[in-house]
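Reading through the structure tokens given below for one structure.
For reference, positions follow the sequence shown, starting with 1. Note that the structure is predicted; figures quoted are calculated from it, not measured.
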Amino acid sequence: TGYHDHDWGKADRWTSSCVSGIPPGLYTRFGDVLHPPLGRLIWSGTDTADIWAGAMDGAVRSGHAAALSALNALARGAG
């Protein structure tokens, strides 16, 4: 058995913490503009998650939803 502790806040100069840097209220005010596709571009990431936005779970859910959206678009011949 083993244990490894990693401080993600010191992982690189772009990482401030494991928590989203999005300020409170941003998603409720502007979240709707993060969701609609823009032409053939489908947004995906923790910021576009319907639930758990700002967390890894949200990023995985958003990626799954984007992949399904892309597959549906290809099946309709919209790709």
Notebook entry, point to check: Which pair of non-hydrogen atoms, one from W43 and one from A66, has the smallest distance, and what is that distance?
Noted result: O-CB, 4.1 Å

Note to self: Please give the remaining members of the hydrophobic cluster of I42, linking ILVMFWY side chains under 4.5 Å, ordered by chain and number.
What the structure shows: none

Donor-acceptor contacts, no H, no angles, side chain residues 54-63, under 3.5 Å, sequence neighbours left out:
from	atom 1	to	atom 2	distance (Å)
D57	OD2	R61	NE	2.5
S62	OG	G45	N	2.9
S62	OG	G45	O	3.1
S62	OG	T48	OG1	2.5

Note to self: Please enumerate all residues that pass side chain to side chain contact (heavy atoms under 4.5 Å, CB included) together with A67, with sequence neighbours excluded.
What the structure shows: none

Next item on the list: Keeping to residues at least two apart or across chains, list the salt bridge (Lys or Arg N to Asp or Glu O under 4.0 Å) pairs with something in residues 63-72.
Entry: none

